[in-house]
A.B. asks: 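For reference, the structure I am asking about is given below.
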Amino acid sequence: MRFKIINRDKKKVSPDEYIAGLRQCESVAKSEYKILKSKIEQLKEFMHKSINNIKSINDNIQKEKNLQDEELGNLLDVLYDKLSEELNNGLKETEIAVLKKKNNLKYFTITLFGKTKSGKSTIRESLTFGNNIVYKWINSDGSKKKKLSVNYGDSVGKGDQRTTRDIYEYFWNNLRILDTPGIAAYKGEEDTRIAENVIEESDLILFLVTNDSIQSTEFEKLSEIKAHNKPIIILLNVKQDIENDIRLKRFLKNYGNIVSNEGQEGNINRIKELSRISFGHSDIEIIPIHAHSAFKSNICEDKELKEKLFAASQINKFKYLLRKLIIGQGIQKRTLTFRDDYIFYLNSIENVYWDYYKKIKPRVKYLDKKLKDLIYWFDKFIPERKEFIYNSVTEIFSPLYEEIDDFVDMYAGKDGADKIWQQIVKNADVERKCNDIQNIIIKDINEYLDNFSKETKFDLKNINFDIEISDISKGILGRVTRWGTVAVSSVEIIGGLLNWWNPFGWVSITLGAAGLIGVLFSFFIKSDTHKHEKEKQEAKIKIRKQLSSNQYHALKSIKKWFNDEVVKGINKNLRYDLSNKIQSLNQFVNNLYIESQGLDNMLISENIALYNKLYTQSFSHKKDEAGHILRVARLQGSVSKILVKDKILEENELRVFENIVGEKIEIVQHTADNIELLIRALKPADLKREYVNFDSVKNRYFLTIPKNIIGKTIGKNGVNIKLASKLLNYKIQIREV
């Protein structure tokens, strides 16, 4: 999108040169369309294989792991269905977009963008000299059109009456001009899609702003242009009233101080600042014009006044620039229209994979961490509760042991002693207290798993999971998602993850008696004469033995329950089940990554091919050097890093090439020294060798750098380090000194 004609000469452009330039543009378009058709067929074949692979892998996951989990199976199926739907929709739209280009191979297309009443219609009518054949788009992609007949000036000043979605098509001087609604009209998703369809059709964007109202929202609306890497010329329409003779004479006398770079310096500086914020740079062509003068010059009968109005409009500067563009860069711009749009489509399709990956993968990592927390808790809980069981059972039976001596001394040999002892045991409430031990354990497990589950679900839904820079060594190009359903599906994905994550539901133990009733004593000795101390001691020993046996069986019963239901049941099964689920989701997202690598490789090849093509078109005398390009990493519409085996451009040639491509270009000379190679790739950051370590086994760089150069090393939004990682195909990790 970076575009500015540099080293402009004063030589006039002949009509023959202009027509020859347009014919070259048409020839290139036809050739590129054939190539693009072939690429689309290859893409279709790849996508169908990719979708089938994911389906096959999903089926295998469920078979191999013998998952009897209906919810997880449904989740995997839903993920596949939504992913395949988005990929198929994206492929379909890509095919439609490419086919649309077939209908306009002959024409270099210019699109007018700007807010309502910015002067678009005035400029268009001035350029076309009232061309009375107009086509109105019936549908959003322009595949259906209606032919209209209009009079010169009919549309001027009618901006506020335009239907939101009206797009008009004109032809002038062998060019095709699309006149769009005011930017403010693009409010909904469908309107944005219309704007995008128009951008795809365009070889050049004319962006109109007015000196009386330069607003940031105008520039923000054009973010898609940046993504498509379309060249832009900004026309600054000066709103100077010339409706009465006095104002007209004053204007014509002084227009050089009004409609000029000097006269509009403040506005031009503001436009450059807004361009820098919205487009990432301010190196953009800005031409002050007076649209109304151009319009009036076409209908003025006074020859002298006509010439003055035309000169005052400064429209000739734009026409000159346009002719120079078509002759000097027309074939490159047409090449970009086909190849860069295709790269944009690949980016968007790859971004579908990447969107699913980056939404699910961090959450699966988080679930894996939570599973480790769960395991740690059980590993601590189990021995603690085993000790708790032993101590609790001991505590339950202790009062009974304490009762034995007094009971035997008081009731030995008396009628009804058995019933009295049974009442003592009943009053001790052994069974309930043993069941309470179970209840306490289950309550503890339930409370922990309930809180654990709530916390996990909350975090999965609300926490913004950061992704390490090194994890985005791929997918750096897919910053634009063409198909709006991705955002919705991401929410549904998270919802799907929450539906089956329910460890709390595992605790469904039915409490039963621990077999502690039936403690009967039939060994009490009856005597009619006296109590024998020896017999009482024997009775006490027998009671203690039986009580001890009952305590042992009670402890054994609870321990068995704990081991079967908690240790082997909840603990083991929960670990296994959740681990299986996490592994299954990991397989799913890792396969997304693997499949996306196919698209990533296609993108690498396409970017290399694009740069080779543009290089040979721009520097035909050096076409053999195009083969020196080894690899390209791009943030489309902003910056490219190019790895070359030998120098391919001098400094002045590089500046020219940047203007042709529309991006800042950083050339990285290849070297076998891996550390030096990274230092070069991370320019403009000034790194020293001692900051860099390279692990050849892990194919990874480790940087330990001072705080004051971290910003330049990473770059704005991480772009510099991401592109370097992409260019060298190595992960890069940074640690601050």
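Please read all numbers here as calculations on a predicted model, not as lab measurements. Note that these values count all heavy atoms, side chains included, but never hydrogens, waters or copies made by symmetry.
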A.B. asks: Can you find a pair of side-chain heavy atoms, one from V661 and one from Y611, that are under 4.5 Å apart?
C.D. replies: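 Yes, their side chains come closer than 4.5 Å.
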A.B. asks: Is I286 close to K272 at the side-chain level, that is, under 4.5 Å between some pair of heavy atoms?
C.D. replies: yes
A.B. asks: For K613, does its backbone N or O pair with a side-chain atom of T616 as donor and acceptor, under 3.5 Å?
C.D. replies: yes
A.B. asks: Set out, in order, the CA-CA distance, both residues' side-chain angles and the distance that settles salt bridge (Lys or Arg N to Asp or Glu O under 4.0 Å) for E95 and K92, then state yes or no.
C.D. replies: CA-CA 5 Å; E95 290 183 271; K92 183 180 178 181; over 6 Å; no
A.B. asks: Which pair of non-hydrogen atoms, one from D686 and one from I709, has the smallest distance, and what is that distance?
C.D. replies: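 So the minimum-distance heavy-atom pair works out to O-CD1, 4.0 Å.
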A.B. asks: Does the salt bridge (Lys or Arg N to Asp or Glu O under 4.0 Å) test come out yes or no for E86 and K82, once each step is laid out?
C.D. replies: CA-CA 6 Å; E86 289 180 30; K82 291 187 176 299; over 6 Å; no
A.B. asks: What's the shortest heavy-atom distance between F108 and L22, and which atoms?
C.D. replies: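 Closest approach of F108 to L22, heavy atoms only: CB-CD2, 4.1 Å.
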A.B. asks: S84 versus K55: any side-chain heavy-atom pair under 4.5 Å?
C.D. replies: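 They are not in side-chain contact.
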A.B. asks: Does R689, at its CZ atom, have more than 12 non-hydrogen atoms belonging to other residues, nucleotides or ligands within less than 6.0 Å?
C.D. replies: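 Yes, enclosed.
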A.B. asks: With a 3.5 Å distance limit and no angle check, can you tell me whether N659 reaches the backbone of R655 through a side-chain donor-acceptor pair?
C.D. replies: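 Flag set: sc N659 to bb R655 pair under 3.5 Å.
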A.B. asks: Within a 6.0 Å radius of atom NZ on K622, are there more than 12 heavy atoms belonging to other residues, nucleotides or ligands?
C.D. replies: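 Yes, the 6.0 Å shell around NZ holds more than 12 heavy atoms from other groups.
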A.B. asks: Would you check, one step at a time, whether the test side chain to side chain contact (heavy atoms under 4.5 Å, CB included) holds for I51 with Y80?
C.D. replies: CA-CA 8 Å; I51 291 169; Y80 164 76; 3.5 Å; yes
A.B. asks: For R334, run the salt bridge (Lys or Arg N to Asp or Glu O under 4.0 Å) check against D203, D340, D341 and tell me which one passes.
C.D. replies: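 That would be D203; it is the only one of D203, D340, D341 passing the salt bridge (Lys or Arg N to Asp or Glu O under 4.0 Å) with R334.
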A.B. asks: Between K230 (side chain) and S202 (backbone), is there a donor-acceptor pair under 3.5 Å?
C.D. replies: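 Here the side-chain-to-backbone pair exists.
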A.B. asks: Please check if the number of heavy atoms outside K712 that lie under 6.0 Å from its NZ is greater than 12.
C.D. replies: no
A.B. asks: Where is the tightest heavy-atom contact between L723 and A633, given as atom of each residue plus distance?
C.D. replies: O-CB, 3.4 Å
A.B. asks: Using modelled atom types and a 3.5 Å cut-off, is there a donor and acceptor pairing between side-chain atoms of D368 and backbone atoms of V364?
C.D. replies: no
A.B. asks: Report the relative orientation of the aromatic rings in Y357 and W354; use parallel for angles under 30°, tilted for 30 to 60°, perpendicular for over 60°.
C.D. replies: parallel
A.B. asks: Determine, step by step, whether L99 and Y33 satisfy the side chain to side chain contact (heavy atoms under 4.5 Å, CB included) criterion, reporting the C-alpha distance in whole Å, the side-chain angles of both residues, the deciding distance to 0.1 Å, and the verdict.
C.D. replies: CA-CA 9 Å; L99 286 173; Y33 176 71; 3.6 Å; yes
A.B. asks: Does Q332 reach the main-chain N or O of L614 with its side chain, forming a donor-acceptor pair under 3.5 Å?
C.D. replies: no
A.B. asks: Taking the ring centre of each residue, are Y342 and F338 less than 6.0 Å apart?
C.D. replies: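 Centroid distance Y342-F338: not below 6.0 Å, so no.
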A.B. asks: Looking at D695, is its backbone amide N or carbonyl O close enough to the side chain of R700 to form a donor-acceptor pair, meaning the two atoms are under 3.5 Å apart?
C.D. replies: no
A.B. asks: For Y353 and S50, does a side-chain donor sit closer than 3.5 Å to a side-chain acceptor?
C.D. replies: yes
A.B. asks: Any side-chain heavy atom of V209 sitting closer than 4.5 Å to one from L274?
C.D. replies: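 A side-chain contact is absent here, since even the closest heavy-atom pair is not under 4.5 Å.
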A.B. asks: E663 vs Q636, test: side chain to side chain contact (heavy atoms under 4.5 Å, CB included). Steps then yes/no.
C.D. replies: CA-CA 8 Å; E663 295 171 354; Q636 196 175 16; 4.3 Å; yes
A.B. asks: Find out whether S38 and Q42 are in side-chain contact, i.e. whether some heavy atom of one side chain is under 4.5 Å from a heavy atom of the other.
C.D. replies: yes
A.B. asks: Between S596 and Y593 (side chain of the first, backbone of the second, donor and acceptor by atom type, cut-off under 3.5 Å), is there such a pair?
C.D. replies: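 Yes.
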A.B. asks: Tell me, with the steps shown, if K37 and E41 meet salt bridge (Lys or Arg N to Asp or Glu O under 4.0 Å).
C.D. replies: CA-CA 7 Å; K37 275 184 66 180; E41 289 305 312; over 6 Å; no
A.B. asks: Side-chain donor-acceptor pair under 3.5 Å between K361 and N590, yes or no?
C.D. replies: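 The answer is yes; a qualifying pair exists.
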A.B. asks: Does the side chain of V589 come within less than 4.5 Å of L585's, by heavy atoms?
C.D. replies: no
A.B. asks: For the side chain of N601 and the backbone of Q597, is there at least one donor-acceptor N/O pair under 3.5 Å apart?
C.D. replies: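 Yes; at least one donor-acceptor contact below 3.5 Å.
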A.B. asks: Got L204 and L322 here, is their nearest side-chain heavy-atom distance under 4.5 Å?
C.D. replies: yes
A.B. asks: So do I40 and K44 actually touch side chain to side chain, heavy atoms under 4.5 Å?
C.D. replies: yes
A.B. asks: Just distance, no hydrogens or angles: give the donor-acceptor pairs under 3.5 Å from side chains in residues 674-684, sequence neighbours left out.
C.D. replies:
from: E676; atom 1: OE2; to: R680; atom 2: NE; distance (Å): 3.1
from: R680; atom 1: NH1; to: Q669; atom 2: O; distance (Å): 2.8

A.B. asks: I'd like to know if the side chain of T94 reaches the main chain of G90, judged simply by a donor and an acceptor atom lying under 3.5 Å from each other, with no hydrogens or angles considered.
C.D. replies: yes
A.B. asks: Are there more than 12 heavy atoms of other residues, nucleotides or ligands under 6.0 Å from atom CG of N88?
C.D. replies: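 Yes, CG of N88 has more than 12 neighbouring heavy atoms, counting only those of other groups under 6.0 Å.
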A.B. asks: Looking at every heavy atom in both L105 and K30, which two are closest together, and how far apart are they?
C.D. replies: CD1-CG, 4.0 Å
A.B. asks: For the side chain of K641 and the backbone of N720, is there at least one donor-acceptor N/O pair under 3.5 Å apart?
C.D. replies: no
A.B. asks: Only one of L112, I110, T109 clears side chain to side chain contact (heavy atoms under 4.5 Å, CB included) with L178; which?
C.D. replies: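 The option that passes is T109.
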A.B. asks: Taking only residues two or more places apart in sequence, or in another chain, which ones meet N104 in a side-chain hydrogen bond (donor to acceptor under 3.5 Å, both in side chains)?
C.D. replies: R176, E201
A.B. asks: How close do L649 and Y615 get, heavy atom to heavy atom, and via which atoms?
C.D. replies: CD2-CE1, 3.4 Å
